[in-house]
Amino acid sequence: MPLSNQQLADIFNDIADRLDIQGELVFKVRAYRTVAENILNAPRPIADLWREGVLEQVPGVGKEIAAKIDELMRTGRLEFYERLRREVPDGVAAMLRVPNVGPKRVKEFWEKLGITSIDELEAAARAGKLRDLPRMGEKAEQKILAGIESMKRRATGRVRLGDALPIARRIVAALRQVPGVHKAEYAGSLRRGKETIGDVDIIVAASDPEPVMQTFLAQPGIAEVLAAGETKSSARLENGLQVDVRVVEPRVWGTALQYFTGSQLHNIKVRELAQKKGLTLNEYAVSKLGGKDSADGGETFEDEPTLYARLGMAYIPPELREDRGEVEKALELGPGRVVMPDLIALSDLRGDLQMHTTWSDGATDVMSMARAAIALGYEYILITDHTAGLGVVNGLTPERIAEQRKEIDRVNAQLRKEGVRFRVLQGAEVEVRGDGSLDLPDEVLSQLDLVQASVHTALTQPREKITARAIKAMQNPHVHILGHPSGRLLNEREGADYDWEALFRAALEYRVALEINADPSRLDLNDVLARRAAELGCKLSISTDAHAPDGLNNMILGVLVARRAWVTPDSVINAWPLTKLLKWANKTRA
DNA sequence: GCCGTTTTCGGCCCGACTGTTTTCAGTCG
């Protein structure tokens, strides 16, 4: 049974945690963490690379780790890991997740006080037993208790992109109003468009940090101030989201924004690169290596492109900064250029290809959705109400599809009369049944402009079965798009266990587009899978799955996923003009 | 444990904040 990339990454992260607690060399620990990250970034299943004997192609995989992966793949076990788990018990490792508790403290708690679980840690802190340890005191105890408390409140440590974005925008807008503020932006994983956000990093350019901090700490919704320094403050909001604000001088905006945007792996790579050029880079400046260390001595940068250029690199859009090959590409292109200059943007999209109306479980009628889409500047939309096979909703039957066509015709006629250049297309989100058949007959499907097929049920079918099922659905010549392919729900439910390589090859062969669903809870396909699909030549669609007019505004979330997937407009079918889209839809399949 | 158009050994990104400290270790990002 081959392990998934996620499973492998989890194991290596766990190894890193336990070695860290044992006091192992930090660089060895980092090697395991880095390899875990690189495995999650890998476009292909590590199991495939293992079969081909090319494991060491994965960055960070050397002889030792390759041997460990091999043992895991062959036997499903890893003796080294089993031993480590015996040496450092699960409860001890779990303590690392408590905020303000790191490997050194876990080791102390465990070895000196015999604490082997978070519950025991909490009891010891309450009893005042931690304060006798070196560099620990009453305040440290309180912080640990607060950390355990906040951990209990939150089911997961990460907040969905779609939830964090509006909050960050609101705070940034407030900080921009503060007198003396030149610029304010959110940075970090949010600026990179990552699907979930650990915390919100906001960076502000202002010569006087004090009023900025005051305004920030007075924001509504702050539950707890975690740190309040001169130039850096942190707070936890009532919904559990942590927000960090950092104030810098305007002349260092470029280096600071780059630094706080990350990712960590990207920054490490850029800084190693700087070192090779005899330079050192921090959030304030680029300086000569070994020279006098201070912001005054170095060169400062007011924007990111000049900074990247100084390091001999092309500019790298934030969404690509994950150490997934972008640094190498930027070096190859050189200063003054841009990595992936034609990366897809929100403005490239001409339509939205998945939305629901009152014909099934949507909130409004066809015209309301059309008007909202027109206001967004689109040229077309595809109405994709659910079919009757998904029992829970007022699904479409062949008869109701015919009725809905009349309404769509009326809407198009009305818009034409108003002189609006816009087209409402009729589609459907057809159910893929457990055996891969569809719940509408072909003669009905053939009357629709575009057909989306989605798997909603039996997502836990074994890999072979569910893969064959989706492929069978795609083989239907009337199917154009596979909707939210994995079926995952962020922070709630894992997606189906597909053989993605097989699925993508089938999509390519049967010329079916794969959706990047922009619903805040889905973002499905994810960035890594979408990148692999696009790399293989698959077509994609980016759609909101809106159930009300406001839902159409979620498109940016799907675009961010697509940008992280290195996607360009030519492979996104709803970035095409209507005529091209319809021509593609009418393809005859051999 | 990984990695190498300066090295197969000796490096490995960089700094803010906090709390417990008379100079810094631990944690975090």
(message) Between A:Gln219 and A:Thr215, is the side chain to side chain donor-acceptor pair (under 3.5 Å) condition met? List the steps.
(response) CA-CA 6 Å; A:Gln219 286 297 298; A:Thr215 301; over 6 Å; no

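A:Tyr315 and A:Tyr308 have perpendicular rings, their planes meeting at more than 60° on a 0 to 90° scale where under 30° would count as parallel.
A:Ala274 comes within 4.0 angstrom of no nucleic acid atom, judged by non-hydrogen atoms across all strands. In this structure, A:Lys28 reaches the bases: a heavy-atom distance under 4.0 Å links it to at least one base atom across the strands shown. Nucleic acid contact class of A:Lys107 (heavy atoms, under 4.0 Å, all strands): none. Among the protein residues, A:Val101 comes within range of the sugar-phosphate backbone only, with heavy atoms under 4.0 Å from sugar or phosphate atoms but none that close to a base. Residue A:Phe260 is classed as having no contact, given no heavy-atom separation below 4.0 Å to the nucleic acid. Note on A:Gln142: nothing from the nucleic acid sits closer than 4.0 angstrom, heavy atoms only. Residue contacts for A:Val247: at a heavy-atom cut-off of 4.0 Å it reaches no nucleic acid atom on any strand shown. No contact: A:Lys269 has no heavy atom under 4.0 Å from any strand. Residue A:Glu64 is in sugar-phosphate contact alone, with no base atom involved, counting any heavy-atom pair closer than 4.0 Å across all strands shown. A:Leu25 comes within 4.0 angstrom of a nucleotide base, judged by non-hydrogen atoms across all strands. Residue contacts shown for A:Pro134 are absent, as no nucleic acid heavy atom lies under 4.0 Å away.
Distance from the side chain of A:Arg246 is smallest to B:dA16 among B:dC12, B:dA16, B:dT20. You'll find that the side chain of A:Lys104 is closest to B:dG26, out of B:dG26, B:dC24, B:dC12. Listed candidates were B:dC17, B:dC13, B:dG1. Nearest to the side chain of A:Ala227 is B:dC17.
In this structure, A:Lys276 atom NZ and B:dC12 atom C1' are separated by 11 Å, rounded to whole Å. At whole-Å resolution of the value, CD in A:Glu141 and P in B:dT18 are 19 Å apart. Atom CG in A:Leu133 sits roughly 11 Å away from atom P in B:dT21 (whole-Å rounding).
Across every strand in view, B:dT8 sits unpaired, with no contact that passes the Watson-Crick or G-U test at under 3.5 angstrom.
For B:dC12, the base has no donor-acceptor partner in the side chain of A:Arg30 [N/O atoms by modelled type, under 3.5 angstrom].
Within the 4.5 Å cutoff, the side chain of A:Val26 has no heavy atoms near those of the A:Arg30 side chain.
Look at A:Thr280 and you'll find a side-chain N or O under 4.0 angstrom from OP1 or OP2 of B:dC14. For the OP1/OP2 pair of B:dA16 and a distance below 4.0 Å, the side-chain nitrogens and oxygens of A:Lys232 include no atom meeting the criterion. For B:dC17, one of the phosphate oxygens OP1 or OP2 lies less than 4.0 angstrom from a side-chain nitrogen or oxygen of A:Thr231.
A:Trp253 and A:Asp303 form no side-chain donor-acceptor contact under 3.5 Å, judged by distance and modelled atom types alone. Inspection of the A:Asp10 and A:Gln6 side chains reveals an N or O donor paired with an N or O acceptor under 3.5 Å.
Between the side chain of A:Asn282 and the backbone N or O of A:Ala285 there is at least one donor-acceptor pair closer than 3.5 Å.
Cation-pi geometry between A:Lys68 and A:Tyr81 is not met at under 6.0 angstrom from the ring centre and within 45 degrees of the axis.
Only the C1' atoms considered, B:dG11 is 26 Å distant from B:dA16, to the nearest whole Å. The C1' atoms of B:dC14 and B:dC9 are separated by 24 Å, rounded to the nearest whole Å. Nucleotides B:dG4 and B:dC13 have their P atoms positioned 14 Å apart, rounded to a whole Å.
Position along DNA chain B of the nearest nucleotide to A:Asn100 versus A:Asn267 favours A:Asn267 as the more 5'-ward residue. With DNA chain B read from its 5' end, the first of the two nearest nucleotides for A:Lys139 and A:Gly102 is the one closest to A:Lys139.
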